[in-house]
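Structure first, then comments.
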2 protein chains.
Amino acid sequence: MNAPVSSPSLTKNQTLVFDVLSRSEAPMSAYTILDKLRDHGFRAPLQVYRALDKLTELGIVHRLESLNAFVACAHRESTCCGAGHGHGTVAFAICESCGQVSEFHDHEVDHRLGDWARGRGFRPAKTTIEIRGLCRGCAA
Amino acid sequence: MNAPVSSPSLTKNQTLVFDVLSRSEAPMSAYTILDKLRDHGFRAPLQVYRALDKLTELGIVHRLESLNAFVACAHRESTCCGAGHGHGTVAFAICESCGQVSEFHDHEVDHRLGDWARGRGFRPAKTTIEIRGLCRGCAA
DNA sequence: TTAATTGCGTTATGCTATAACGTGTGCCAT
DNA sequence: ATGGCACACGTTATAGCATAACGCAATTAA
């Protein structure tokens, strides 16, 4: 019985979606989440997407662009830089064999990309970094 | 009248798709490409997707994961590291206002991500780096 | 020749995401 | 308190992205 790690101010739907994602080992698509929540009264994709929008906005859920899927943020509180979930860009390593996802953060990469942007007058809003390949276990 | 910059060994469909992408300022979705090629006999999405698969495999077209769209590679021949289009990871800055896309390459970022992967025994197959935001002109 | 590979065309289908409508609820400035 | 606003919610319909599965034709290798 894992006690769900929900933030206080989430609505019922947001909490349900976040809990499903938190308990999942692998990333989940919006429709997979929907199916998991039918028993809780979910009927339509929008219910999921609206919750996901809010959760990603809060930074406690991430969207994996190359997978069209979502994961709960792996950072338990302010692990490194900013406070809470306000940290910078997060990167992901995605195993194409077992589906496992590792979330990490690299200051140096962040800075380099930031420098490039500054040099061009480009104002970054959201940065996606995803490495797809094989994890140690699957590459063996 | 721009002479298309097609590689020699492309099939007719691949050449058509590549030329459409090359001439486009902005990234294009597969369905947009399809519409542009109806006059050339294209009828179904698969004709486009199959060509795109080959072109991305050759490295002369890139897929923008956060946009579900495609662009012709901006590197005119071996601009920096490897020969031809065999270079490492490419990064993109995507303006959410005007749609303009800048392709660039950063060794340092590449190395950092490579180091992280090596340290974890992760074997990278394809890496996606996309910065979404506002370009100089649109941020003003 | 035979078999393997690759590309092609077509139909059908599945997955991902949002538009547009209306409802209800809480808040708070008037 | 009441009107207005912001926000979450539920529902239906639709749009947009991608692939499965079939069969055929051309090319190449054994």
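Numbered from 1 within each chain, the chains take letters A, B, ... in sequence-line order. Side chains are part of it too, since the values below use all heavy atoms of this structure and drop only hydrogens, waters and symmetry mates.
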task: Mind calculating the distance between CG (A/Asp53) and C1' (C/dA19) to the nearest angstrom?
output: 14 Å

field: Separation of atom CG in B/Leu52 from atom C1' in C/dC8, rounded to whole Å
entry: 15 Å

field: Check: B/Arg132 side chain, B/Ser66 main-chain N or O, donor-acceptor pair, under 3.5 Å
entry: yes

message: Closer than 3.5 angstrom, by distance alone: can the side chain of B/Glu103 be matched with the main-chain N or O of B/Ala74 as a donor-acceptor pair?
response: yes

Whole-Å gap separating C1' (D/dA8) and NZ (A/Lys12): 13 Å

- line: To the nearest 10 degrees, the angle between the two end axes of the helix from C/dT1-D/dA30 to C/dT30-D/dA1 (five pairs per end) comes to 30°

task: Sugar-phosphate means primed atoms, P, OP1 and OP2; the rest is base. With that split, encode nucleotides 21-28 of chain C 5' to 3' as B, S or - using protein heavy atoms under 4.0 Å.
output: --------

query: Hey, is the side chain of B/Asn68 poking within less than 4.0 Å of OP1 or OP2 on D/dA18, counting only N and O atoms?
result: yes

- request: In whole angstrom, give the distance that lies between atom CG of B/Leu34 and atom C1' of D/dA15.
  value: 15 Å

message: Quick check: do B/Leu113 and B/Ile129 have side-chain heavy atoms less than 4.5 Å from each other?
response: yes

field: Under 3.5 Å donor-acceptor, B/His105 side chain and B/Thr89 backbone
entry: yes

- prompt: Hey, are the side chains of A/Ser29 and A/Thr32 touching, using non-hydrogen atoms and a 4.5 Å cut-off?
  reply: yes

- request: For A/Ser24 and A/Leu21, indicate whether the former's side chain and the latter's backbone hold a donor-acceptor pair under 3.5 Å.
  value: no

message: Side chain of A/Gln47 only, heavy atoms from C-beta on: which candidate in D/dC17, D/dT11, D/dA18 is closest?
response: D/dT11

message: Quick check for you: among D/dA18, C/dC8, D/dA8, whose closest atom lies nearest to any side-chain atom of B/Asn13?
response: C/dC8

query: Which nucleotide in the list C/dA17, C/dT16, D/dC17 gets nearest to the side chain of B/Ser29?
result: D/dC17

message: Nearest whole Å is fine: how far is D/dC9 P from A/His40 NE2?
response: 15 Å

query: In terms of side-chain heavy atoms of A/Leu46, which of D/dT11, D/dC17, C/dT10 is nearest?
result: D/dT11

- request: Report the distance from atom CZ of B/Phe122 to atom CG of A/Leu134, rounding to the nearest 0.5 Å.
  value: 7.0 Å

message: Given C/dC8, C/dA17, D/dT11, identify the nucleotide with an atom nearest to the side chain of A/Arg43.
response: D/dT11

message: I need the NZ-C1' distance between B/Lys54 and C/dC8, as an integer number of Å.
response: 14 Å

field: Options C/dG7, D/dC9, C/dT16, nucleotide nearest the side-chain atoms of A/Tyr31
entry: C/dT16

message: Between C1' on C/dG9 and CZ on B/Phe42, what's the gap in Å once rounded to a whole number?
response: 11 Å

message: By nearest heavy atom, map B/Gln14 and A/Leu67 onto DNA chain C; which one lands nearer the 5' end?
response: B/Gln14

query: Given D/dT19, is OP1 or OP2 found less than 4.0 Å from the side-chain N or O atoms of B/Tyr49?
result: no

- request: Taking the six-membered ring for Trp and the full ring for Phe, Tyr or His, determine whether the centres of B/His62 and B/Phe92 are under 6.0 Å apart.
  value: yes

Separation of atom CG in A/Leu64 from atom P in C/dT16, rounded to whole Å: 13 Å

query: Closer than 4.0 Å, any side-chain N/O of B/Arg63 to the OP1 or OP2 of D/dA18?
result: yes

- prompt: B/Ala44 near the nucleic acid: base, sugar-phosphate alone, or nothing, with a heavy-atom cut-off under 4.0 Å?
  reply: base

message: The side chain of B/Thr11 is closest to which nucleotide in this list: C/dG7, D/dT11, C/dT11?
response: C/dG7

query: With distance as the sole test, does B/Glu130 use its side chain to make a donor-acceptor pair with the main-chain N or O of B/Glu65 at under 3.5 Å?
result: yes

task: Using the six-membered ring wherever Trp is involved, compare the ring planes of A/Tyr49 and A/Tyr31 and label them parallel, tilted or perpendicular (cut-offs 30° and 60°).
output: perpendicular

